[in-house]
Undergrad: 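Below is the structure I would like to discuss, written out as structure tokens.
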Amino acid sequence: MARDYYEILGVQKGASDDDIKKAFRKLAHQYHPDKPTGDAEKFKEINNAYQVLGDADKRGKYDQYGPQFEQMNQGGFGGGQGFGGFGQGGVNMDFGDIFGEMFGGGGGRGRRGPESGSNIQMDMHLGFSEAAFGADKDVRVHRHITCDDCGGNGAEKGSKRIDCMQCSGTGQVRRIQQTILGSFATAAVCPRCEGAGTVPEKPCKKCHGEGVTKGERSFSVKIPAGINEGEVLRVGGEGEAAPHGGRSGDLYLAMRIKRDPRFVREGFDVNSELEIGIARAALGGTETVETLDGPVELTIPPGTQPDAVFRLKARGVPHLKRSGRGDHLVHITVVIPKKLTKEQRKALESWNI
């Protein structure tokens with residue numbers, strides 16, 4: 001049984017958004033896999049809980065339906081969200097409510113025409129910076145491809161497709177069933193043409209009349225800046241080729257983002273820790289902070305307290321659907337030395353602390 005997300009973050013169900021953020025930050029820093037206290041599974045559990053409770057719409061659905069709401073909405077892929085379209089080099093890509101269209105069926109009467117090819121789902125592995133700033137990624141897909149001998153129609157060169165003799169080109173066969181209530185006529189997909197209504201006059205020797213063969217395709221996909229873990233990108237027409245010249249399926253790329261030991265992402269904001277000594281905290285000064293843009297000088301004001309947070313504006317992740325960027329939040333940890341020299345002890349005692 002799935003654990004309650006509120007329990008995972010250690011907050012009450014009625015907790016404010018700020019309380020949820022604070023709880024997430026604290027636990028994320030504590031269990032980050034690259035820390036001595038790290039726990040990869042615990043970190044993943046915490047992040048999954050925050051992805052839901054940190055989003056007002058998802059939180060509302062979670063409160064109403066419980067953990068099952070994700071399965072109800074996502075159909076097994078997890079984390080897909082709707083965004084505007086992106087395209088490059090003739091490859092049609094867009095986000096959206098993908099799950100309704102991935103496995104939706106057709107219908108209707110009469111000839112159905114060629115069926116569409118199956119969709120393919122793959123993981124896309126990204127570095128932390130690639131997800132933040134976007135990247136062009138090469139994709140290699142093993143799949144059914146359109147037969148290059150017959151162009152996908154399944155007919156040998158010099159021949160054509162003709163109406164199916166079994167269903168007379170309708171794509172359906174009718175049967176009469178006798179029941180205690182009388183005779184009933186039913187229609188079923190024609191087993192010979194599989195509903196297409198046509199068959200090859202002479203089947204292609206290479207694909208045996210199917211119109212597809214096994215193959216591989218490589219191409220480049222543009223990953224938009226700001227994409228996050230678990231989100232799904234649809235690449236139109238790059239799934240399985242359809243038999244008999246139908247429309248190819250789509251390719252769905254689920255984002256898997258590599259952790260960066262320096263940063264914890266929170267939406268479009270980036271969090272990091274900075275350790276300073278007690279002298280720097282008391283007297284102030286400057287410290288170098290690593291950001292997504294490289295090293296940045298951060299001014300530490302005199303009297304800085306432990307757990308202080310400094311905000312570097314527009315140093316976070318670019319927004320996915322609009323201009324601008326999130327912020328970089330620097331969390332201060334004041335390091336207390338375990339051993340002191342005589343001079344250090346004397347200096348501290350002179351402060352009368």
Undergrad: Could you tell me which non-hydrogen atom of Leu292 sits nearest to which non-hydrogen atom of Ser129, and how far apart they are?
TA: CD2-OG, 4.4 Å
Undergrad: Set out, in order, the CA-CA distance, both residues' side-chain angles and the distance that settles side-chain contact (heavy atoms from CB on, under 4.5 Å) for Arg259 and Phe43, then state yes or no.
TA: CA-CA 11 Å; Arg259 293 187 298 268; Phe43 181 82; 3.7 Å; yes
Undergrad: One pair to check against side-chain contact (heavy atoms from CB on, under 4.5 Å): Val270 and Val264. What are the steps and the verdict?
TA: CA-CA 6 Å; Val270 172; Val264 173; over 6 Å; no
Undergrad: Take Val199 and Cys164 through the test side-chain contact (heavy atoms from CB on, under 4.5 Å) and record every step on the way to the result.
TA: CA-CA 6 Å; Val199 294; Cys164 174; 4.1 Å; yes
Undergrad: Between Ile276 and Leu283, is there a shared hydrophobic cluster once you connect ILVMFWY residues whose side-chain heavy atoms come closer than 4.5 Å?
TA: no
Undergrad: Looking only at side-chain N and O atoms, does Glu240 offer a donor or acceptor that is under 3.5 Å from a partner on His144?
TA: yes
Undergrad: Do NZ/NE/NH1/NH2 and the carboxylate oxygens of Asp149 and Lys205 come within less than 4.0 Å?
TA: no
Undergrad: Ignoring hydrogens and angles, tell me if any N or O in the side chain of Glu41 forms a donor-acceptor pair with the backbone of Asp39 under 3.5 Å.
TA: no
Undergrad: To the nearest 0.5 Å, what is the distance between CG on Asn153 and OG on Ser159?
TA: 7.5 Å
Undergrad: Got a salt bridge between Arg143 and Glu238, using NZ or NE/NH1/NH2 to carboxylate O under 4.0 Å?
TA: yes
Undergrad: In terms of hydrophobic clustering (I, L, V, M, F, W, Y; side-chain heavy atoms under 4.5 Å; direct or indirect links), are Ile300 and Val335 co-clustered?
TA: no
Undergrad: Is there a salt bridge (Lys or Arg N to Asp or Glu O under 4.0 Å) between Asp17 and Arg59 once you walk through the steps?
TA: CA-CA 10 Å; Asp17 291 342; Arg59 182 180 179 184; 3.4 Å; yes
Undergrad: Apply salt bridge (Lys or Arg N to Asp or Glu O under 4.0 Å) to Lys61 and Asp57, showing your working.
TA: CA-CA 7 Å; Lys61 292 178 181 177; Asp57 182 58; 3.6 Å; yes
Undergrad: Count the heavy atoms of every other residue, nucleotide or ligand shown that sit under 6.0 Å from CG of Asp123, and state whether that count exceeds 12.
TA: yes
Undergrad: Determine whether more than 12 heavy atoms belonging to other residues, nucleotides or ligands lie under 6.0 Å from atom NZ of Lys202.
TA: no
Undergrad: Please test Asp19 against Leu9 for side-chain contact (heavy atoms from CB on, under 4.5 Å), starting from the C-alpha separation and ending with a verdict.
TA: CA-CA 10 Å; Asp19 288 340; Leu9 294 183; over 6 Å; no
Undergrad: Which heavy-atom pair separates Pro200 from Gly209 by the least distance, and what is that distance?
TA: CG-O, 4.0 Å
Undergrad: Do the side-chain N and O atoms of Tyr62 and Asp55 include a donor-acceptor pair separated by under 3.5 angstrom?
TA: no
Undergrad: Tell me whether Val11 shares a hydrophobic cluster with Tyr31, the cluster being built from Ile, Leu, Val, Met, Phe, Trp, Tyr side chains joined at under 4.5 Å.
TA: yes
Undergrad: Drop me the distance from Tyr252's OH to Arg234's CZ, to the nearest 0.5 angstrom.
TA: 5.0 Å
Undergrad: Measuring only between side-chain heavy atoms, which start at C-beta, is Glu290 closer than 4.5 Å to Pro295?
TA: yes
Undergrad: Going by atom types alone, do Asn271 and His331 pair a side-chain donor with an acceptor below 3.5 Å?
TA: yes
Undergrad: Please check if the number of heavy atoms outside Glu297 that lie under 6.0 Å from its CD is greater than 12.
TA: yes
Undergrad: To the nearest 0.5 Å, tell me how far Arg25 CZ sits from Asp307 CG.
TA: 12.0 Å
Undergrad: Taking a hydrophobic cluster as the set of Ile, Leu, Val, Met, Phe, Trp and Tyr residues connected by side-chain heavy atoms closer than 4.5 Å, whether directly or through intermediates, do Phe268 and Phe133 fall within one such cluster?
TA: yes
Undergrad: Would you call Met255 and Glu229 a side-chain contact if the rule is heavy atoms closer than 4.5 Å?
TA: no
Undergrad: If you measure from CZ on Arg345 to OG on Ser350, what distance do you get to the nearest 0.5 Å?
TA: 12.5 Å
Undergrad: Hey, what's the ring geometry for Phe24 with Tyr50, parallel, tilted or perpendicular (30° and 60° as the breaks)?
TA: parallel
Undergrad: How about Asn119 and Leu251: do any of their side-chain heavy atoms sit closer than 4.5 Å?
TA: no
Undergrad: Should Leu126 and Lys137 count as side-chain neighbours, where that means a heavy-atom distance under 4.5 Å?
TA: yes
Undergrad: Would you say the side-chain atoms of Arg161 pair up with the backbone N or O of Thr198, donor to acceptor, closer than 3.5 Å?
TA: yes
Undergrad: Would you please name every residue forming a side-chain contact (heavy atoms from CB on, under 4.5 Å) with Asn228, sequence neighbours left out?
TA: Gln51, Glu231, Ile257, Arg265
Undergrad: In the structure I gave you, are the side-chain heavy atoms of Val235 and Asp250 within less than 4.5 Å of one another anywhere?
TA: no
Undergrad: Assess whether salt bridge (Lys or Arg N to Asp or Glu O under 4.0 Å) is satisfied between Lys258 and Glu130, documenting all intermediate values.
TA: CA-CA 10 Å; Lys258 185 178 179 181; Glu130 288 180 320; over 6 Å; no
Undergrad: Please verify the inter-ring angle class for Phe128 with Phe263; under 30° counts as parallel, over 60° as perpendicular, anything in between as tilted.
TA: tilted
Undergrad: Return the CG to CE distance between Asp163 and Met165, rounded to the nearest 0.5 Å.
TA: 10.5 Å
Undergrad: One thing to verify: whether Arg325 and Asp269 come together as a salt bridge, which I'm taking to mean a side-chain N less than 4.0 angstrom from a carboxylate O.
TA: no
Undergrad: Which heavy atom of Thr146 sits nearest to which heavy atom of Ala241, and what is that distance?
TA: N-CB, 3.6 Å
Undergrad: What are the two closest heavy atoms between Ala155 and Cys150, and how far apart are they?
TA: O-CB, 3.2 Å
Undergrad: Quick check on the hydrophobic clustering: are Ile336 and Leu274 connected, directly or via other members, by side-chain heavy-atom contacts under 4.5 Å?
TA: yes
Undergrad: Looking only at heavy atoms, what is the nearest atom pair of Ala314 and Asp327, with distance?
TA: N-OD1, 2.9 Å
Undergrad: Do the side chains of Lys206 and Asp148 get close enough for a salt bridge, i.e. N-O under 4.0 angstrom?
TA: yes
Undergrad: With a 4.0 Å cut-off, would you call Lys160 and Glu201 a salt bridge?
TA: no
Undergrad: In this structure, are over 12 heavy atoms from other groups packed under 6.0 Å from Lys42 atom NZ?
TA: yes
Undergrad: Identify the heavy atoms of Leu53 and Ile20 that sit nearest to each other, and give their distance.
TA: O-CD1, 3.9 Å
Undergrad: Is the shortest side-chain heavy-atom distance between Val296 and Leu298 below 4.5 Å?
TA: no
Undergrad: Is any side-chain heavy atom of Ser272 closer than 4.5 Å to a side-chain heavy atom of His328?
TA: yes
Undergrad: With a 4.5 Å heavy-atom cut-off, do Phe310 and Leu329 have their side chains touching?
TA: no
Undergrad: Between CD of Glu343 and CG of Leu348, what distance do you get to the nearest 0.5 Å?
TA: 12.0 Å
Undergrad: For Lys58 and Asp63, run salt bridge (Lys or Arg N to Asp or Glu O under 4.0 Å): C-alpha distance rounded to whole Å, both residues' side-chain angles, the deciding distance at 0.1 Å, then the answer.
TA: CA-CA 9 Å; Lys58 291 182 181 179; Asp63 288 343; over 6 Å; no
